[in-house]
Each structure stands twice: as structure tokens, then as C-alpha cells.
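Labels below follow one simple rule: chain letters A, B, ... track the order of the sequence lines, proteins then strands, and each chain is numbered from 1. Because only heavy atoms are used, hydrogens play no part in the values below, and waters and symmetry mates are left out as well, while side chains stay in. On a predicted model such as this, the values are computed, not experimentally measured, just so you know.
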Amino acid sequence: QETIPLTIVSGHPEVFLWVKHMHETFIPAVDAALAETGEVKIDWTEAYGGTLVRLGSEAEALETGIADIAMASGVFDPAGMGILNITYAMPFGPTDPEMVTGAVEDALYSVDGLLDQITQETGVVYIGGGVAIDGYNIATKRPLNTRADMDGMRIGGAGPNLAWLDSTGAVGVQGSYVSFYNDISTGVYDGNIGWMTANVPARLYEVAPYWNRIDFGAMYIGGLGIAERVWDGFSDSTRAAFRAGAEAYAAAFFEEQAAKYAASEKTMLENGGSEVKMDPAEREAWIAEMRNPITAWRDAALARGEPVDAMLTAYRDTLAEGGFTFQRDYLAE
Amino acid sequence: MSGVEIAFGSIALMLVLIYGGLHVAIALILTSFLGVWILRDNFDLAANMLVVAFKDSITDQLFGVVPLFVLMGLVVSISGMGRDTFDVAQQAFRRIRGGLGVATVAANAVFAAITGISIASAAVFTKVAVPEMRRHGYTRPFSVGVVAGSSVLGMLIPPSLLFILYGILTEQSVGSLFIAGVLPGLLLAATYAAGIIAMAYLLPGFVGGTTRHDDPPAPRMGWPEIAAKLLPIAALVALVMGGIYGGIFTPTEAGGAGAAGAIVVALIKRRLGWREFWQVLVQTGHTTASICFLIIGASLYSRMLAFTGMPGWLGQSVLNAGFSANGVVISMIVVMVLLGTILDSSSILLLVLPIAVPILNGLGVDLIWLGVIAILSVEIGLLTPPFGIAVYVIKATLGPEGDITLGQIFAGAAPFALMMLLVLGLVFFFPAIATALL
Amino acid sequence: MPSRHPERQPRRHPAILAPIVIGLNALGSIWIIGLMLLICSDILMRTLFNAPIAGVAEMVAFSIVGIVFLQLAHTLSTGALTRSDLVLDTLARRTPRLRGYVLAVYSLTGAVLLAIALWRFFPSLMQAWDRPERHFMGNPGFFQIPTWPLYALMVIGMAATIAQFAAGALAALTGEDG
Ligand code: NA
Ligand code: NA
């Protein structure tokens with residue numbers, strides 16, 4: 001039996017479910033699958049929370065041998081893995097995280113040469129285990145029933161989310177979950193773009209009690225990646241064990257996230273938070289008048305020479321087959 | 001060699017190199033480089049880690065404002081605002097032994113409300129308070145010790161980046177943590193003040209500043225003069241505090257607003273010519289480069305330690321020893337204080353909390369109270385050798401002409417580290433200190 | 001107080017090193033003011049006109065790295081890079097010759113470490129230059145800044161610091177260090 005030392009890292013700490021289940025699900029599942037054949041055994045080193053590799057440096061760490069496994073994510077590494085940010089370029093999509101992830105991974109696997117190109121450019125092999133966070137919405141100090149309610153509001157958010165505010169009277173201010181609570185409470189901004197299972201643990205309902213159901217949709221943030229130099233040395237059965245581990249990882253993630261979503265919603269409502277549903281006509285007008293969110297992301301992918309149009313089409317069509325049609329066909333423009 | 005052996009070997013080597021006089025940042029980089037090389041028997045890997053640490057250790061908005069806080073401190077100092085403030089403090093506290101030390105603590109408590117990082121407090125007050133205390137006859141170790149000790153207040157009194165990090169790691173309310181930090185912060189300030197007065201009586205040789213009978217007594221200032229001296233600094237503090245609590249800017253951005261405000265005040269006072277301004281900028285750059293290169297080294301070192309598995313091993317073996325809740329909390333304090341000798345505060349939280357919190361949560365420990373305990377524990381590390389970031393920031397801010405050695409700064413900070421332990425004990429035995437305001 | 005020892009500025013170095021090191025330092029110093037103005041402009045634009053400047057977080061992160069590496073060599077040359085003087089001062093009193101050798105070894109250690117870093121870092125600059133579309137900070141459509149200028153500054157800063165370390169070793173051996 002061969003023992004392989006592998007280092008698994010994340011720039012995020014374990015409170016984030018996509019990190020927690022690396023430790024809690026992925027590693028045990030891989031170990032269990034490998035034990036069936038007894039061919040190899042993994043000697044794991046785990047380092048989360050940026051203690052070994054900073055957020056956004058994961059792909060580089062995999063390529064240069066510092067680490068072997070990490071999340072391949074476009075959100076936190078827009079330059080290296082930007083192609084994985086497809087859902088951020090197509091907001092107002094489905095709110096079901098599993099549906100979104102399924103469609104993204106279908107597109108990744110079905111478009112010819114897409115994953116090979118990622119591997120070639122970054123040295124990272126995508127092994128599945130894609131995850132999406134629950135739907136993005138806006139938490140604010142005042143309810144948002146119409147777009148007019150947003151006039152003059154300052155909303156905190158990460159770069160790629162702020163473009164979604166186009167055509168509303170609100171302005172986006174760059175921020176993160178590190179700054180949201182403090183900056184909303186002092187009034188630097190009036191709310192944030194975020195998702196339930198992050199907003200509620202951060203207790204943002206204390207300072208921005210209105211959870212406005214804008215329904216930007218669930219967003220795919222990435223999947224598990226392994227260093228090519230490691231993957232190349234694996235036998236087929238070892239590879240199968242890792243893919244099985246990735247599958248178990250995603251399943252456990254979605255299960256716990258769904259439970260956490262329900263619990264978070266309850267906590268928020270019990271602690272003075274309330275949900276606001278934006279007038280559907282207002283939302284439609286927003287979507288129609290917003291600057292096409294695909295453009296810049298698509299241009300960046302084209303500059304990298306990635307088959308982005310095939311990917312977009314595959315993603316849109318898979319969702320359509322699953323029963324979801326975007327209110328506006330971003331691709332038709 | 002096992003990872004843990006390499007980790008302990010690296011600590012020994014780092015101690016020798018730092019006290020031997022190798023640049024601290026180079027000592028950290030060298031030990032980390034050798035550690036990874038030996039651990040993995042892989043030169044390329046060790047070199048690649050070096051490269052990644054250079055690229056991403058300080059690439060963050062948080063570190064981006066370090067030069068601006070340094071600049072603010074220098075301008076406050078060169079424009080005479082610091083001197084004026086301490087002249088008034090000297091008169092107000094003239095009957096109290098160690099009065100300027102107490103004044104520095106009080107000023108730091110106020111400054112703590114406008115900064116979220118201890119580095120900023122240490123840099124600003126090294127420039128503002130140390131020359132004034134020296135001018136009034138306080139000893140070198142005491143003058144810098146007060147600044148090092150009271151820089152900790154920046155993290156206890158809100159806003160505090162460590163509380164935010166703790167809140168994220170443990171899913172606790174940042175607002176509650178901020179409130180929980182207020183009384184312990186004030187208690188620590190009061191303890192420092194009492195300790196300074198006590199030391200001034202019991203250890204006058206350590207404190208100094210009280211036995212300068214040969215000086216002619218300074219003429220007493222009247223109220224108009226006091227007002228004139230305090231107005232500029234009061235305006236600056238009002239600008240920054242008003243900006244933060246009025247929602248105009250964030251505590252991080254306060255570095256930029258504060259530096260600009262200080263420059264405007266200095267210009268109005270006609271105390272800042274082009275030449276002085278350029279010298280201030282150059283020194284800001286030196287201090288910044290020195291601090292940030294140190295942070296790069298420290299970051300690389302903590303990555304090497306994470307690689308060896310030593311912090312995890314230490315945490316697991318101490319925390320899983322099967323204690324009661326209080327036993328686990330005490331173990332956590334011990335681990336954090338020990339790691340504080342070699343690691344920076346946020347690395348310790350990131351390494352220890354994921355191990356400790358699930359255990360403590362299961363034992364029903366109040367995580368808000370624990371947050372105050374944790375922040376106090378890791379912040380002791382700011383003052384302890386061989387790696388005490390507050391001490392190194394003070395050394396860097398004093399500049400190459402400073403006549404105070406690293407050893408003197410560590411010695412001066414030691415009584416304050418002990419007083420932190422005392423306050424830590426008080427918060428441990430009387431949790432209401434943390435939770436009363438909630 | 002600002003530096004009171006202009007005579008401790010770069011000394012008997014190859015004549016070309018000092019002006020380069022001073023020039024890089026000046027650039028970094030100006031950049032600090034730029035950084036301050038950037039943050040203040042963002043605050044004002046956001047507060048007065050509800051129009052925050054995009055990408056300030058990225059620009060600040062970019063800037064601090066640039067500033068540090070531009071200033072590093074000059075910081076080193078003026079003795080402002082933090083070190084403990086205890087043992088060195090003792091040696092200075094007892095055996096100045098030995099102190100010179102020790103300082104030379106320390107300077108060479110710094111030079112070698114940074115040389116390793118520079119050697120392994122250089123390919124990053126080439127990649128970032130060749131493929132700016134894969135090497136940037138920020139997000140497409142929001143704010144984007146290529147990393148190659150930053151990496152170029154880091155390379156220059158590292159090279160200057162290596163030269164400064166080497167010059168320091170030479171000065172220590174010839175007994176001309178500060
Ligand atoms: Na503070
Ligand atoms: Na320490």
C-alpha cells in the first residue's frame with residue numbers, strides 16, 4: 001500500500017460550509033473509497049482560514065506545489081478562474097443552489113476543451129464537488145418595495161455583485177462580510193448584498209433588519225480542484241475515489257446549507273428581521289433596464305481565449321430544460 | 001525530523017538569530033525557508049512559498065492604511081500638537097507621579113475608539129508620546145513600555161478588527177463583541193494607570209520623570225493658553241471620531257482622513273514647510289517598509305508553522321486533555337499566550353479557535369465572554385519576545401537614530417503584559433465585566 | 001523627528017546605486033500622498049455625490065505592496081530595517097573586526113534570500129506581462145488593474161535591496177558600515 005501526503009487548503013475558515021465539508025465530508029469519503037481497494041492511503045495535512053494559503057492564492061499554491069487540493073473558485077480568483085463566475089454574470093437566475101450548480105457543471109463538462117483549458121492554464125484539475133450559495137438578496141435598514149425606495153441608498157457588496165445595482169438609484173460600495181456589520185451600523189452604507197446563510201450568522205439583521213427578496217439567484221462559487229501534477233500520478237481507481245469524495249462533499253454541503261437556510265430564516269424573523277418582497281413589475285423593469293451583466297465578463301473570457309459563448313448557451317439551455325427561463329435573454333443581445 | 005520538532009527547532013533558531021542582530025524580517029524569512037525545505041526536503045517548494053508570501057501577505061486594504069496612520073502620527077508630532085497636548089497633561093497631572101504615563105494611557109483609550117488595529121496606536125504614540133515623556137525625564141524603557149502596553153487598547157475598545165475576525169470565526173454578533181470589549185478595555189486602561197502610579201512610587205528608577213528638581217518649574221498655563229494648545233488636537237479627534245461614528249468613513253479609511261486632517265491642522269498652524277513635509281514622508285516610508293516587511297516575514301513564518309502542524313498539535317494535545325469548561329478555557333489561554341510569543345494575533349485566532357470553539361460550545365461556554373478572553377490572550381503576544389509586533393512597530397517608528405534598544409522596549413512592556421494577565425484573570429473570574437453592558 | 005543623519009544615507013557604494021535607491025524611495029514617498037488623496041477622494045465622492053470610486057480596495061492593496069518594495073532598499077541603507085543591536089553593540093566595544101564579519105554574513109544572508117525570491121519571482125512577472133488577461137486585480141466590468149506593473153516594481157525593489165545588502169556586506173568587511 002502506497003501512502004501519499006496531500007495538503008488541502010482554503011483561504012476561508014471552517015465556519016464556511018464549503019470549507020467545513022472538506023474536513024467533515026470530503027476527506028472521510030475519499031479515505032473510505034480508497035480503503036475499498038487498499039491501493040493507496042492519503043496522509044492529509046489540512047490548513048484552512050488562510051493559515052497556509054491566502055484567499056485567492058489557492059490556484060497558484062496548487063500550481064507551485066505548496067498545496068494539492070483547494071476550492072477552484074472564480075469569485076475569489078477572478079483573474080485565474082474567472083470563467084467559473086458564470087452565474088455572477090447571469091443574475092436573476094434560479095434560486096435553487098443545486099439546480100444552478102448542476103447547470104454550471106453540465107456546461108463545464110459538455111463544452112469541448114473548457115476544463116482542459118483551465119487545467120492547462122492553471123495546473124488545476126476540476127474534480128467536481130461544485131457548490132452554490134443560497135440566493136443573493138439585499139438586506140437594508142428600510143424596506144425596498146420599489147426601485148424608488150433604493151434612490152440614494154448605499155449598498156455594500158463585493159465587486160461582481162455591485163454591477164447588479166445598475167438601473168436602480170442605489171450605489172454600490174465595495175465591502176465584505178468583514179466590514180458589513182460595522183459599516184452598516186455606523187451608516188457608511190444602508191445595507192448589503194448577501195445571502196441568508198452568511199447574513200444571519202453575521203447577525204446583520206441587527207443593523208439591517210429588512211431582507212429584501214430581490215432574488216438575484218443562487219450563485220455557483222466553484223468546485224474542488226486538485227493539482228495536475230498529483231492527479232497525473234493517480235490510478236483510475238484513485239481518481240474515482242476522489243471524484244466520489246467530491247460528490248459526497250457537494251451533497252453534504254447542499255444538505256447542511258438547506259437546513260441552515262431554514263434555521264437562519266427562522267432566527268432572523270424571530271429577532272426582529274422581516275422579509276420584503278419587491279413588487280414583481282418593479283423587478284422586471286430593473287432586469288430589463290440593467291446594463292447587460294454578461295458583457296464585461298464575456299469580454300474578459302474572450303480575451304483569455306475561452307469558449308465562453310458555448311458555455312453560456314449550454315448553461316442557459318440546461319436551465320431551460322430544467323424549467324427555468326431567464327426573464328431577459330442576456331445572450332440574445 | 002517530525003513537523004513538531006522542526007517547529008521547535010525553528011523557534012530556537014529564530015531566537016538566536018533575532019538576538020544575534022540579524023534583521024528581524026530576514027530572520028523570520030530564513031527560519032521559515034529552512035523549515036519548509038527540511039520538512040518537505042524540497043528546495044523549490046520552500047522558494048515558492050517565499051514568492052507567494054511576498055505576493056499576498058500584505059496585499060490587503062488593511063495593510064494599505066498602515067503608512068497613513070504612521071503619517072498621521074508623524075504630522076501630529078512635528079506640528080507640535082503632541083507636545084502641546086502633553087504640556088497640558090503635564091500640568092494637569094503634575095501632582096501625580098507618573099502623570100504623563102497616565103496621560104498616554106488615557107490618550108490611547110481615546111485613540112482606540114478611532115482605530116481598529118494596534119499597529120496604528122503603537123506607531124502614532126511612539127511619535128507623539130515617547131519624545132514628550134523623554135523630555136520630562138521618564139526612562140527609555142518606561143516611555144516605550146507605556147506605548148506598547150496601551151496600544152493593546154486599540155483592539156479591546158471598539159472598533160476592533162480582532163473582534164470582527166473572532167465574530168466571523170465563531171458566528172457571534174460583532175456589535176455584542178464590541179460592547180463586551182468596552183468595560184474590559186476601560187478596566188485595562190484603569191489598571192495601567194494604577195500600575196503606573198504604583199510603579200512611580202515603588203520603582204522610581206524604572207519609571208523616572210519624577211525627580212527633576214533641578215529644572216526650573218515651568219510657568220503655569222492659564223485657561224486660554226490651555227484651550228489654544230488643545231484646540232487643534234481636539235479638532236482632529238473630533239473629525240476622525242465624528243467621521244467614523246457619523247458613518248462618513250470606515251475605521252480603515254480613518255487612516256487616510258486622519259492623515260489629511262493632521263496635515264491641514266499643521267498647515268493652519270504654519271508648522272509644516274515643504275522640507276519638513278518631505279522628511280516626514282520619507283520617514284513614513286521607512287517605518288512602513290520596515291513594519292510591512294516584518295509582517296511579510298511573520299506571515300511566512302506562520303505558514304511554515306501551519307505546515308509543520310505544530311499549532312494544531314499544541315491545541316489538540318492541550319485542549320483535548322479532558323478538562324471541565326473552565327479547564328479548557330484556561331488551556332486555550334495558555335496555548336494562545338504561548339503561541340503569542342512567536343505568532344501574530346490573527347494567525348493565532350485562525351489556528352486555535354477552530355479547535356477550541358467546538359469543544360467550548362459543547363460545554364456551554366458564553367462565546368461573547370470567550371471572545372474578550374481570547375482577544376486579551378492573543379494581545380499579550382504583542383508585548384512578548386521574541387516576536388512582539390507592538391515592540392517591533394515601536395522600534396521601527398523610532399527609526400535608526402532611536403537610542404532605545406529592542407531589549408529595553410520588551411523590558412518596558414513586561415509590566416504591562418503582567419497587568420494584562422491580571423485583567424485577563426479578572427474577566428475570567430468575573431464574566432460580568434464583559435457581559436454587563438449587553 | 002525626521003532623519004537627523006543625512007550623512008548616514010547610502011555611502012561608499014557603486015556610484016550608481018545610491019541615486020537609484022534614493023529615487024525609488026522618493027517615488028514611494030509620493031505614492032503615500034497619492035494613497036491618502038485616493039482614500040479621501042473616495043470618502044468625499046461617496047458622501048457628497050453618492051458616487052464612490054470603483055476599485056479603491058484593490059488600488060490600496062496594490063499600492064501598499066508597491067510602496068513597501070520601492071522603499072525597502074532605502075530603508076535598509078539608512079539602518080531603519082528593524083534589528084536587535086544588543087549583541088552587535090557588545091561586539092563593537094570588544095572586537096570590532098568580528099562585528100564586521102558578523103554584519104557581512106548577515107547582509108549576505110539577506111542578499112541570498114532575496115536573490116532566491118527574485119529568481120523564483122521573475123517568472124511571475126513574465127507571465128503577468130505576457131498574459132495580462134489572466135493576471136489582474138479586481139473584477140471585469142467593475143474595476144481591473146493588471147498585476148504586471150506591481151510585479152515589475154517588486155522586481156526592481158528586490159534587485160535594489162539585494163544590491164544594497166551586497167554593498168552593506170562590502171562596507172562591513174572594509175569597516176565602513178554605520
Ligand atoms: Na479600537
Ligand atoms: Na509575542
Side-chain angles (χ1 to χ4, degrees), chain B residues 18-26 29-30 33 44 47-48 50-51 54-55 58-61 63-68 71 74 77-78 131 243 248-249 253 255-257 259-260 276 278-290 292-294 296 392 395-396 399-401 405-407, chain C residues 1-5 8 25-26 28-30 32-33 35-40 42-43 47 56-58 60-65 67-72 74-76 78-89 91 102-103 106 109-110 113 116-117 119-121 124 137 151 154 158 178:
Chain B
I18 288 180
Y19 287 110
L22 183 62
H23 294 111
V24 178
I26 298 293
I29 293 172
L30 178 65
F33 180 76
D44 289 347
N48 289 341
L50 201 62
V51 168
F54 275 31
K55 275 186 196 165
I58 55 168
T59 316
D60 190 314
Q61 191 177 20
F63 294 114
V65 296
V66 164
L68 302 179
L71 180 61
L74 284 173
S77 159
I78 199 171
I248 309 290
F249 45 76
E253 293 168 336
E276 291 91 353
W278 183 252
Q279 284 176 334
V280 160
L281 275 185
V282 168
Q283 206 192 339
T284 301
H286 288 170
T287 305
T288 304
S290 192
C292 288
F293 198 50
L294 202 62
I296 291 175
Y392 288 124
K395 178 74 176 158
E401 288 85 27
T405 67
L406 269 182
Chain C
M1 273 309 196
S3 170
R4 279 173 279 113
H5 292 274
R8 285 190 64 178
N25 170 73
S29 298
I30 295 167
I32 292 173
I33 287 301
L35 186 64
M36 184 186 80
L37 295 176
L38 172 70
I39 290 177
C40 291
D42 184 36
I43 294 170
T47 312
V56 169
E58 282 86 2
V60 172
F62 185 104
S63 297
I64 185 62
V65 183
I67 289 168
V68 167
F69 278 86
L70 282 175
Q71 305 267 13
L72 197 53
H74 197 256
T75 305
L76 174 66
T78 54
L81 208 56
T82 309
R83 72 178 346 158
S84 164
D85 296 325
L86 185 70
V87 170
L88 293 173
D89 287 351
L91 286 179
V102 170
L103 276 179
Y106 287 173
T109 306
L113 270 182
I116 293 171
W119 166 43
R120 305 307 290 241
F121 183 85
S124 294
M137 292 162 81
Y151 287 176
M154 289 173 73
M158 277 189 247

- Message: So, using ring-ring contact (aromatic ring centres under 6.0 Å, His included) as the criterion, who are the partners of B/Phe249 when residues are at least two apart?
- Response: none
- Greatest number of non-hydrogen atom pairs under 4.5 angstrom with chain C, of B/Asp60, B/Leu406, B/Leu281, B/Ile29, falls to B/Leu281
- Task: Please determine, among B/Val66, B/Leu30, B/Thr405, the option with the most heavy-atom pairs under 4.5 Å with chain C.
- Result: B/Leu30
- Task: Could you tell me which of B/Ile26, B/Leu22, B/Val24 has the largest number of non-hydrogen atom pairs under 4.5 Å with chain C?
- Result: B/Leu22
- Query: How would you list, by chain and number, every residue that makes a ring-ring contact (aromatic ring centres under 6.0 Å, His included) with C/Phe69, sequence neighbours excluded?
  - Reply: B/Phe54
- Item | Residue, of C/Ile67, C/Val87, C/Val56, C/Leu113, that accumulates the most heavy atom pairs under 4.5 Å with chain B | C/Leu113
- Checking side-chain contact (heavy atoms from CB on, under 4.5 Å) for the pair B/Val51/C/Trp119: CA distance, chi angles, key distance, verdict? CA-CA 9 Å; B/Val51 168; C/Trp119 166 43; over 6 Å; no
- Could you have a look at C/Asn25, C/Asp85, C/Ile32 and say which one has the most heavy-atom pairs with chain B under 4.5 angstrom? C/Ile32
- Task: Let me know if B/Leu68 has heavy atoms under 4.5 Å from chain C in its side chain, its backbone, both or neither.
- Result: side chain
- Message: Heavy-atom cut-off 4.5 Å, strictly under: side chain, backbone, both or neither for C/Met154 against chain B?
- Response: side chain
- Counting distance only, does the side-chain N/O of B/Ser290 pair as donor-acceptor with the main-chain N or O of C/Ala80 below 3.5 Å? yes
- Check: B/Gly20 main-chain N/O paired with C/Tyr106 side-chain donor or acceptor under 3.5 Å: yes
- Where the side chain of C/Arg83 meets the backbone of B/Gly21, is there a donor-acceptor pair that is under 3.5 Å apart? yes
- Item | Heavy-atom contact with chain B under 4.5 Å, split by part of C/Ser63 | neither
- Task: To the nearest 0.5 angstrom, please state how far the CG atom of C/Leu86 sits from the CD1 atom of B/Ile18.
- Result: 13.0 Å
- Message: Using a 4.5 angstrom heavy-atom cutoff, name the option from C/Leu81, C/Ile39, C/Leu76, C/Asp42 with the most pairs to chain B.
- Response: C/Leu81
- Query: Does any heavy atom of chain C fall under 4.5 Å from the side chain of B/Phe33, the backbone, both, or neither of them?
  - Reply: side chain
- Looking at CD of B/Gln279 and OG of C/Ser29, how far apart are the two atoms once the value is rounded to the nearest 0.5 Å? 11.5 Å
- Which answer fits C/Leu37, side chain, backbone, both or neither, if we ask what part of it has an atom under 4.5 Å from a heavy atom of chain B? neither
- Nearest heavy-atom contact between C/Ser124 and B/Lys55 is OG-NZ, 2.7 Å
- Show the numbers, then the answer: is there a side-chain contact (heavy atoms from CB on, under 4.5 Å) between C/Arg120 and B/Asp44? CA-CA 9 Å; C/Arg120 305 307 290 241; B/Asp44 289 347; 3.0 Å; yes
- Task: Quick one: which of C/Leu88, C/Leu72, C/Asp89, C/Thr109 has the most heavy-atom pairs under 4.5 Å with chain B, could you say?
- Result: C/Leu72
- Task: Sort out for me which of C/Leu38, C/Val102, C/Ile64, C/Leu35 touches chain B most, counting heavy-atom pairs under 4.5 Å.
- Result: C/Ile64
- Where does B/Leu50 contact chain C at under 4.5 Å (heavy atoms): side chain, backbone, both or neither? side chain
